[in-house]
Amino acid sequence: MQIEGFVAKGYEPVRDAFARNFDEDLENGAAFAACIAGEPVVNIWAGYTDRARTKAWAHDTLVPVHSTTKPVAALIVAMLVEQGLLNYDQSVSAVWPEFGAEGKDQVTLGQALSHQAGVPGFLERIDTALWLDPPALSAALAKLKPLWAPGTACGYHAMTYGYIAGEMVRRVSPRSLGTILREDICEPLGIDFWIGLPDSEHGRCADQQLPRDMPDLGPITEAKRAAFFAPWAAPRTDAAWRRAEIPSANGHGTALSVAQLFAAFANAGKIGDMRALDPGIFAELTAPRINDDDLVMPFRMSWAAGVMINNNKIYGPNARTLAHAGRGGSFGLGDPTRGVSAGYVLNKLAPALQTDERGQRLIAALYSCM
């Protein structure tokens, strides 16, 4: 497999690990990038964007990164916290009164973004078209009774996280979360990442090869069923899904764009030459909010306000690294000790949650170079 792109001297083991994933037939198409202090040291891609293997992956191939979107959304929420429009300690219902129904009136923004709100999904059937209408889905979400006492436990809000974040932004800003991302960060810095993909960019998107199996979450509980296993737990991934703003699940980007955005987590809120967040607000965003056995994911999770803290050391050896994985294997990470950020995107999705062997191999190779 021909590996395209750029590798700085000393980072050749990353290219070797990337090639090995293809040699072992674990990939169809993929890309990986890493930055040090915001500057790329690796930006490579290979393979195909389609299942028939007729269209070569390019430097600007866009890939849906699924839940790797969540920390990007968290950065936008943090920007509004810095502007005084939101506050992590205020209740969600202070700006979204309807959310206070069924005993959720004391849920804070910080708790909601760290998966403590108790509403990981819908136990009762909903029309899956609601997922493509964020205001309507948010209205249905606000009515839910929590599946556990909010603030007492965490349970991964796989889809609903994004509707809470998006609705909170909508309530206090004339611009949507995806619009703020585009206008205030991505366009000024030339970062090719989108939450809400316009039709003009759909032709650059890689087709996805979905895994045959669901992830192994252990015994199925109500929380796990609501988040993942109900037939209505997520929408179809079609053109309408690409257009919709779903800040939990449908960011589209390149590996380089993920690495560039996650540089904020490696550099105390700085992305390239832009100070996206004041260091004090960055500290609030990334402060630990809960460390507990997750009620949905089969891991003990340490959550900040929208990003994982690497206590399990899944994303390299530094427990302070801030990271997130997406369905099928994508990930982004920002290591504040090394000043390194990385992004991995792919179109042959695997059922693994955070420990997909392809990504683990790339992370190990990257750290071996440092």
Side-chain angles (χ1 to χ4, degrees), residues 67 70-71 73-74 77-78 80-81 85-124 126 130-131 134-172 177 217-218 220-230 232-234 246-249 284-309 311 324:
S67 288
K70 287 180 172 72
V77 173
L80 298 190
V81 171
L85 298 174
L86 292 171
N87 187 306
Y88 290 119
D89 295 327
Q90 75 183 152
S91 66
V92 172
S93 61
V95 296
W96 180 7
E98 299 90 335
F99 189 83
E102 297 288 353
K104 303 192 300 299
D105 54 302
Q106 299 301 310
V107 176
T108 67
L109 176 60
Q111 289 172 333
L113 296 179
S114 54
H115 304 271
Q116 299 183 62
V119 285
F122 294 85
L123 286 177
E124 301 298 325
I126 63 167
L130 281 180
W131 293 112
L137 191 285
S138 297
L141 175 63
K143 298 175 183 178
L144 289 180
K145 182 177 180 179
L147 296 182
W148 62 86
T152 64
C154 59
Y156 186 51
H157 288 45
M159 288 292 293
T160 55
Y161 165 99
Y163 294 86
I164 295 172
E167 184 67 14
M168 291 295 283
V169 171
R170 190 175 75 87
R171 294 279 171 149
V172 300
L177 189 153
L217 299 179
I220 303 304
T221 62
E222 284 191 336
K224 294 174 184 180
R225 182 170 180 268
F228 281 113
F229 292 101
W232 52 87
I246 306 176
S248 49
E284 288 191 55
L285 161 62
T286 58
R289 295 185 179 271
I290 191 167
N291 181 21
D292 204 352
D293 293 332
D294 197 85
L295 298 180
V296 173
M297 302 278 276
F299 305 105
R300 187 172 185 86
M301 301 298 299
S302 183
W303 291 109
V307 63
M308 298 176 184
I309 302 170
N311 282 2
H324 213 291

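Predicted, not measured: the structure shown is a model, and the values here were computed from it. Reckoned from all heavy atoms, side chains included, excluding hydrogens, waters and symmetry mates.
The line from OG of S138 to CD of E98 is 10.0 Å long, rounded to the nearest 0.5 Å. Of the inter-residue distances, the one linking E167 atom CD with L141 atom CG reads 9.0 Å to the nearest 0.5 angstrom. Interatomic distance, NE2 of H115 versus SG of C154, reported as 8.5 Å (0.5 Å rounding).
A distance-only check finds no donor-acceptor pair linking the side chain of S93 to the backbone of G100 [under 3.5 Å]. Under the 3.5 Å distance criterion, the side-chain polar atoms of W303 are left unmatched by any main-chain donor or acceptor of N291. With K104 contributing its side chain and A117 its backbone, the two residues share no donor-acceptor pair below 3.5 Å.
For A94, the side chain to side chain contact (heavy atoms under 4.5 Å, CB included) partners at least two apart in sequence or on another chain are Q90, S91. With sequence neighbours excluded, the residues that form a side chain to side chain contact (heavy atoms under 4.5 Å, CB included) with I220 are R225, F229. In this structure D292 satisfies the side-chain hydrogen bond (donor to acceptor under 3.5 Å, both in side chains) test with no other residue, sequence neighbours excluded. Judged as a side chain to side chain contact (heavy atoms under 4.5 Å, CB included), and not counting sequence neighbours, the contacts of T108 are Q111. Listed by chain and residue number, R171 satisfy the side chain to side chain contact (heavy atoms under 4.5 Å, CB included) test with P97 (two or more places apart in sequence, or in another chain). The salt bridge (Lys or Arg N to Asp or Glu O under 4.0 Å) test applied to D293 returns R300, not counting sequence neighbours. The ring pair (Phe, Tyr, Trp, His ring centres under 6.0 Å) search around W96 returns F99, not counting sequence neighbours.
Closest of all the heavy-atom pairs between A165 and V77 is CB-CG2, 4.1 Å. Counting all heavy atoms, side chain and backbone alike, A101 lies closest to A142 at CB-O, 3.6 Å. The shortest heavy-atom contact between G306 and H324 is O-CD2, 4.3 Å. Across all their heavy atoms, I290 and A153 have their closest contact at CD1-C, 3.6 Å. Across all non-hydrogen atoms, the minimal contact from L147 to A226 is CD1-CB, 4.3 Å. Across all non-hydrogen atoms, the minimal contact from T221 to L295 is OG1-O, 4.0 Å.
Of the candidates L80, V95, L85, L80 is the only one forming a side chain to side chain contact (heavy atoms under 4.5 Å, CB included) with V169.
Between I126 and W131, some side-chain heavy-atom pair lies under the 4.5 Å cut-off. With contacts defined as side-chain heavy-atom distances shorter than 4.5 Å, the pair D294/F299 does not qualify. Between V107 and Q116, the closest side-chain pair of non-hydrogen atoms is not below 4.5 Å. In this structure, the side chains of R170 and P135 come closer than 4.5 Å at one or more pairs of heavy atoms.
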Worked check of side-chain contact (heavy atoms from CB on, under 4.5 Å) between L144 and E102: CA-CA 7 Å; L144 289 180; E102 297 288 353; over 6 Å; no
Candidate pair L109 and Y88, rule side-chain contact (heavy atoms from CB on, under 4.5 Å), full reasoning: CA-CA 5 Å; L109 176 60; Y88 290 119; 4.2 Å; yes
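Contacts classified as salt bridge (charged side-chain N to carboxylate O under 4.0 Å, His left out) and involving residues 152-166 (residues at least two apart or in different chains) are not found. Sorted by first and then second residue, the pairs that involve residues 156-166 and meet side chain to side chain donor-acceptor pair (under 3.5 Å), not counting sequence neighbours, are S67-Y156, K70-Y156. Among residue pairs with one or both ends in residues 141-150, none qualify as side chain to side chain donor-acceptor pair (under 3.5 Å); sequence neighbours excluded.
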